[in-house]
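Comments concern the structure below.
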Amino acid sequence: MVAAKLVTRMIGATLLTGLISAIIVALVIVLANILVDGRSVQQAANLAAWVLLAALFIGPIMAVLIAIAAEVPKAIWLSRMSGLLSVHLVSSMIAGVVLYHFLITFLLSRFGLIPPSGAASDQGPELLSFIYALGAPAIGGLVSAGVWWWLVIKPWRSSRAAIANSG
């Protein structure tokens, strides 16, 4: 695969990951608020706007971090291997959770952009807190793995196989 085309696919996969994961996380949080917290559809619609706005800010940042820290090195490794989809999915989910918590805990709270854990008086239901703390970054990692698998790794493998068969 030509290097420019590969880099374009990587950038596209990163941007698409940020967008798709932001939309999915916003939908999951809104549905959880309706089903678990018993909010009305109007309240959920208002929440959806704010959650989507926040997710569209955090999602692309996380997509870039996951791409740099996990997806590019794995793409290089997996382009030479066959199979390993499950390893790719699990490692991306773990990378998403670890990088998200690193970003939130060590960077944002250090600069005073968010309050430290426990500072808010209303922490909300446990399920919603779980979805926010672990579910959102895991969804982002899973989306990242899927998008990178289909847009980068599979085409890269195909091009490597075509080169190997022609030579």
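No hydrogens, no waters, no symmetry mates; every other heavy atom, side chains included, goes into these values.
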May I have the list of side-chain donor-acceptor pairs in residues 60-70 shorter than 3.5 Å, sequence neighbours left out?
none

If you look only at pairs with a residue in residues 140-158, which of them pass as a salt bridge (Lys or Arg N to Asp or Glu O under 4.0 Å), with sequence neighbours excluded?
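Applying salt bridge (Lys or Arg N to Asp or Glu O under 4.0 Å) to every pair that reaches into residues 140-158, excluding sequence neighbours, yields nothing.
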
For residues 73-88, which residue pairs pass the salt bridge (Lys or Arg N to Asp or Glu O under 4.0 Å) check, not counting sequence neighbours?
E71-K74

Could you list the cluster mates of W149? Members are the ILVMFWY residues connected by side-chain heavy atoms closer than 4.5 Å, either directly or through other members.
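Members other than W149 - counting any ILVMFWY side chain reachable under 4.5 Å - are W77, L78, M81, L84, L85, V87, L89, M93, L142, W150, I153.
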
Supply the members, apart from I11, of the Ile/Leu/Val/Met/Phe/Trp/Tyr cluster built from side-chain contacts under 4.5 Å; use none for a lone residue.
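Direct or chained contacts put I11 with V7, L15.
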
Indicate if I20 and M10 have the same hydrophobic cluster label, given that clusters are the connected sets of ILVMFWY residues with side-chain heavy-atom separations under 4.5 angstrom.
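I20 clusters together with M10.
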
Specify the closest pair of heavy atoms between L151 and R9, including all atoms of both residues, with the distance to one decimal.
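Closest heavy-atom pair between L151 and R9: O-NH1, 2.7 Å.
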
List the steps and the verdict of side chain to side chain contact (heavy atoms under 4.5 Å, CB included) for I34 and Q43.
CA-CA 9 Å; I34 291 171; Q43 289 173 325; over 6 Å; no

Contacts table for residues 21-28: side-chain donor-acceptor under 3.5 angstrom, sequence neighbours left out:
{"from": "S21", "atom 1": "OG", "to": "T17", "atom 2": "O", "distance (Å)": "2.6"}
{"from": "S21", "atom 1": "OG", "to": "G18", "atom 2": "O", "distance (Å)": "3.4"}

Side chain to side chain contact (heavy atoms under 4.5 Å, CB included) between Y100 and L134, worked out:
CA-CA 9 Å; Y100 174 79; L134 289 178; over 6 Å; no

Short side-chain to backbone donor-acceptor contact, S92 and H88, under 3.5 Å
yes

L56 side chain reached by L19 side chain, heavy atoms, under 4.5 Å
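Yes, close enough: below the 4.5 Å cut-off.
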
Drop me the distance from L6's CG to I76's CD1, to the nearest 0.5 angstrom.
8.5 Å

